[in-house]
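As the structure lists them, so they are numbered: ligands from 1, and atoms in each ligand from 1.
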Amino acid sequence: MNEHIGLSLEYKNTLDYAKYLDENDPLHLYREQFYIPLIHGKESIYFTGNSLGLQPKTTQDHILNELEDWATFGVEGHHHARKPWLNYHEQFPELLKDIVGAKENELVVMNQLTVNLHMLMTSFYRPTKQRHKIICEGKAFPSDQYALASQVKLHGCDPTTSLIEISPLPGEHTISDKAIQDAISTHGDELALVLIGAVNYYSGQVFDMKAIVEGAHNVGAHCGFDLAHAAGNIELKLHDWEVDFACWCSYKYLNSGPGAVSGVFIHEKYATDTSVPRFAGWWGHNKETRFKMDKTFDPIATAEGWQLSNAPILSMAAHYAALEIFAAAGMPALLQKSKKLTDYLFFILNEINKNSVEQIIEIITPQENRKHGCQVSMLMLRNGKEIFEELKKRAVIADWREPNVIRIAPVPLYNSFEDVFRFGEIISATLKN
Ligand SMILES: *Cc1c(COP(=O)(O)O)cnc(C)c1O
């Protein structure tokens, strides 16, 4: 099959055709399970699910149930709530395992993303004089950059020598697989950790995670991933790929609300090893004896052994509501629709270029299927800001990145082929004027 299906002739740039694709989309009814923001009374074209996913209509009820149980039971809700709070977090591994490709004992939901990056580096970045370097992305998300540099400093190392940033070559927008492997072998026996985002937040590029893990392990380094832009967006097989650890936020593709709780993966070989060093708190302690309040920490022999505090139930109720929808739709169906939506978007953008005298849009996201998720980053070669302003006026919610990039993410759970068609139509109309 043609990898660059976006160039395929079978698609049509018409509203009828987009509607036909929607009617034949097995997931098209899921859109109705979400609140689509209205602009001037009209449904917006919401393309920023990579930044904050939309609210499921069931979320309110799940949160209200917990508020009711709190009102009814007070502290007894820990045992007598409809979903007892004591074990509330234990529902998540089952719901997350197919989303990230993990075993249940490798998963825990706790804290927030940047906090978890630190928690995991505490266990997996233990530099020595010989082995102290971390390989990361050059244009990593700022929070990750700060976290990495501060960890390096905490251990008395110098970020300018210990942090190895890999950037795209001049004139390119993505990082080649080879550049990452070359950096791994160059720094080989000085390398402690490879920690990158599985999907680059700027370009939308998906990295070859399996090869990166293999490369890191071959030189004796740990390998972890920030899955903020990957969880719920691309196919993940964290256990099989032998990823050492990973964490993600659940307010982007996982639709669990602003500042929602984060997810953590720790590979079984470490999760079950209670001798792995970590920061400790009472919620990570052996459940049988937790309330004996013993002095000595006895960690749970799963990823739960990394928990510090008792669970934020209200935030978790929103997470539960969102994951129920993922479970119903199923990751395979979502991934299939995602490919088709982005392929249709590539087709529409290529049509815009074809129909104008000179190229307007350079798609910097790799178009090869396994190298992108649903985010598409468009470098606007002319009229960028003007087009973006017009999109805003016409109720398209997209994201602008300096100097000239529009990022959009048609999300398979609630975006439609019609959204993609109308998006293209607005750009074409702006160019005609
Ligand atoms: C969204 C995002 C964050 C945000 O971090 P929080 O701790 O959730 O505020 C961090 N890193 C990456 C790569 C992100 O995409």
Q.
Under 4.0 Å between a side-chain nitrogen and a carboxylate oxygen: does that hold for Arg31 and Glu43?
A. yes
Q: Using a strict 4.0 Å threshold on nitrogen-to-oxygen distance, state whether Lys133 and Glu190 make a salt bridge.
A: yes
Q) Hey, which residues fall under 4.0 Å of ligand 1 on heavy atoms? A) Leu113, Thr114, Phe141, Asp144, Asp226, Ala228, His229, Tyr251, Lys252
Q: For the pair Phe346 and His372, name the ring-plane relationship: parallel under 30°, tilted 30 to 60°, perpendicular over 60°.
A: perpendicular
Q. Once the angle between the rings of Phe141 and His229 is folded into 0 to 90°, is it parallel (under 30°), tilted (30 to 60°) or perpendicular (over 60°)?
A. tilted
Q) What orientation do Phe92 and Tyr88 show, parallel under 30°, tilted 30 to 60°, or perpendicular over 60°? A) tilted
Q.
Donor-acceptor pair, distance only, cut-off 3.5 Å: does the side chain of Tyr125 make one with the backbone of His118?
A. no
